[in-house]
Amino acid sequence: MTTYFKDKLYSENELDKTLILWGEKKLTYNDLLTSYESVSLENIKSGDVVALIGDYNPVSIAYLFRLIDENCIVVPITNDTRNQHDYFFENAEVDWIIDNGIISKNSKSKKQKNILIDNLKELSSPGLILFSSGTSGKPKSILHNLDTFFERYTNTSKVMTTLSFLLFDHIGGLNTFFYSFFAGSKIVFPESRDPNYIWNLIQEQQIELLPTSPTFLRLSKASVDFNKINLEKLKLITYGTELMEESLLHWFIDLLPSVDFRQTYGLSELGILRIKGESKDSLFITIGGETQFKIIEKVLHIKAENPMLGYLNSENPFDEEGFYNTKDIVEEKGNFFKILARETDLINIGGQKINPLDLETFLLSLDEIKDASVYGVPNKILGNTLKLDIELNLGITLEKKVINKIILDKFPPIFRPSSINFIDSPQYNHRFKKMRNNNE
């Protein structure tokens, strides 16, 4: 049996090197090992499905590794999704719940498990269950075999001080954490994801790698005075989870010319894939490694090296050759492609499909506008019309008729919103991913 934490080999002089910074706490491998060995799993046994509610704090990390090494199936969940926890427990077929270090039996645990869970138990392999964001329906319960999931980290060697921005229940956040741990990199966990706090933490801790989202970069552009922050140690910013607008990417490249910018691409179903960008100022990418992809009628299909075992609460999404329909619409350029939209985000107006990102990207390029979300609302005649939620920058006033004129000067009449709402509340979820009103 592989024990990923206890079998992790660090050289003698690395045992007391700081691996994790969480608030004021500096944790070495020896500190983590002490926490790991002090954790009691009580009656939890190999093959049990365990919901672990937490974040990247010392207690959650100790339980995470102990559960993995005991060949349990772990369901990482955050406090931000409390209103969905009952749904997660049911659809992940959870046996036990660990909340703030307190273990309780799930009284609604199913005795008859999904065949995918039974098959994983027979292999005596640890598992991971993640949930999709639920932006196109109920969240799907996604099961991975961690023995194959961890294969991507076996030869990690690039050591960079990393800020862990993405969360405990997110494929990108777990990828950052596991990569850093297996490479022996120092990883810094923020206590807040406020843009000013994050950028000052990058300066203070001399962060070299920031994995983040376009939404966070957009918020940072609007609220952070970068002239007051020294970012000379920052080497790399990776961005993913949602589509990036070119104007935002180019703004940050001009701001931070010595920093490399790389797009990431992955799905909870397929893991984080090996991506090569055309250049740092381009949104065109291709997929490397053993992963295969094909484009059918402008839609991207992928056959990954280490995909999920399957959904626990939905039918098998893979075709006969093992390809997964990402539902991402792309533009091709040789062996590269650029993601234009998600099929489910397109809005059908009178038989014509509109990409809301086209209008959002244009509006976000205007100095007066801090954020904008475009989505469809039902219409008896046209099927749908566009609705616009817009947040203006501080001190700015724009009349709706002026906004309509700005839009119609750039786009055909079909893009005219049927209604415009001025808002001042966040238009993103706890994963810093844009949430349109029609898919929350």
Validation row: [X], [Y] side chains within 4.5 angstrom (heavy atoms):
X    : Y    : value
I187 : L21  : no
L388 : N421 : no
V188 : I207 : yes
I237 : L256 : yes
P76  : V74  : yes
L163 : P190 : yes
N384 : V377 : no
K186 : Q205 : yes

Between H85 and I53, is a side chain to side chain contact (heavy atoms under 4.5 Å, CB included) present by the stated rule, with each step listed? CA-CA 9 Å; H85 283 189; I53 303 170; 3.8 Å; yes
From [X] [atom1] over to [Y] [atom2], what is the distance, rounded to the nearest 0.5 angstrom?
X    : Y    : atom1 : atom2 : value
L52  : T78  : CG    : OG1   : 11.0 Å
Y36  : D69  : OH    : CG    : 3.5 Å
S141 : E93  : OG    : CD    : 7.5 Å
S132 : I142 : OG    : CD1   : 5.0 Å

I need the full list of ring-ring contact (aromatic ring centres under 6.0 Å, His included) pairs touching residues 61-80, with sequence neighbours left out, sorted by first then second residue.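 Those involving residues 61-80 are F5-F65, F65-F177, F65-F181.
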Do the charged groups of [X] and [Y] touch, with an N to O distance under 4.0 Å?
X    : Y    : answer
K45  : D48  : yes
K235 : E208 : yes
K113 : D118 : no
E305 : R152 : no

Flag, side chain of [X] to backbone of [Y], donor-acceptor distance under 3.5 Å:
X    : Y    : result
Y265 : I339 : no
H170 : G172 : yes
Q263 : L283 : yes
S185 : M160 : yes
S38  : S35  : yes

Intermediate values then yes/no, side chain to side chain donor-acceptor pair (under 3.5 Å), T385 and S418: CA-CA 6 Å; T385 58; S418 60; 3.0 Å; yes
Quick one: do the [X] and [Y] side chains pair a donor with an acceptor below 3.5 Å?
X    : Y    : result
D389 : S373 : no
N71  : S124 : no
S60  : N57  : yes
W199 : S220 : yes

Test T215 against E242 for side chain to side chain donor-acceptor pair (under 3.5 Å), laying out the working first. CA-CA 8 Å; T215 288; E242 60 182 352; 2.5 Å; yes
Geometric class of the F261/F252 ring pair [parallel <30°, tilted 30-60°, perpendicular >60°]: tilted
F165 vs F216 aromatic rings, parallel, tilted or perpendicular, using cut-offs 30° and 60°? tilted
Pair R262, D260 - check salt bridge (Lys or Arg N to Asp or Glu O under 4.0 Å), show working. CA-CA 7 Å; R262 296 180 197 169; D260 192 12; 2.9 Å; yes
Take atom [atom1] of [X] as the centre, draw a 6.0 Å sphere, and report whether it contains more than 12 heavy atoms from other residues, nucleotides or ligands.
X    : atom1 : value
K105 : NZ    : yes
K370 : NZ    : no
E42  : CD    : yes

Full working for side chain to side chain contact (heavy atoms under 4.5 Å, CB included) between Q206 and T161: CA-CA 8 Å; Q206 299 186 341; T161 301; over 6 Å; no
Please step through side chain to side chain donor-acceptor pair (under 3.5 Å) for the pair D194 and S192, ending with a clear verdict. CA-CA 6 Å; D194 171 79; S192 162; 5.3 Å; no
Distance-only check: which donor-acceptor pairs under 3.5 Å involve side-chain atoms of residues 291-299, not counting sequence neighbours?
| unit_1 | atom_1 | unit_2 | atom_2 | d |
| --- | --- | --- | --- | --- |
| K294 | NZ | E321 | OE1 | 3.2 |

How far apart are the closest heavy atoms of F88 and V94, and which atoms are they? O-CG2, 4.3 Å
Closest heavy-atom contact between L120 and G127? CD2-CA, 3.7 Å
Looking at Y324, I'd like to know if the NZ or CZ of K303 sits under 6.0 Å from its six-membered ring centre while staying within 45 degrees of the ring's axis.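 Relative to the ring axis of Y324, which defines the angle, K303 lies outside at least one limit.
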Go through the steps to decide whether F284 and F336 satisfy the test ring-ring contact (aromatic ring centres under 6.0 Å, His included), and finish with yes or no. CA-CA 6 Å; F284 281 91; F336 290 87; 7.7 Å; no
Determine whether D169 and T81 satisfy the following criterion, side chain to side chain contact (heavy atoms under 4.5 Å, CB included), listing intermediate values before the conclusion. CA-CA 10 Å; D169 62 349; T81 58; 4.3 Å; yes
Go through the steps for D345 and Y375 under the test side chain to side chain donor-acceptor pair (under 3.5 Å), then give the verdict. CA-CA 8 Å; D345 286 338; Y375 52 96; over 6 Å; no
Would you sort out whether N313 and Y87 count as a side chain to side chain contact (heavy atoms under 4.5 Å, CB included), showing the intermediate values? CA-CA 11 Å; N313 60 350; Y87 175 87; 3.4 Å; yes
Salt bridge (charged side-chain N to carboxylate O under 4.0 Å, His left out) involving K276 - partner list, sequence neighbours excluded: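 Counting only residues at least two positions away or on another chain, K276 forms no salt bridge (charged side-chain N to carboxylate O under 4.0 Å, His left out).
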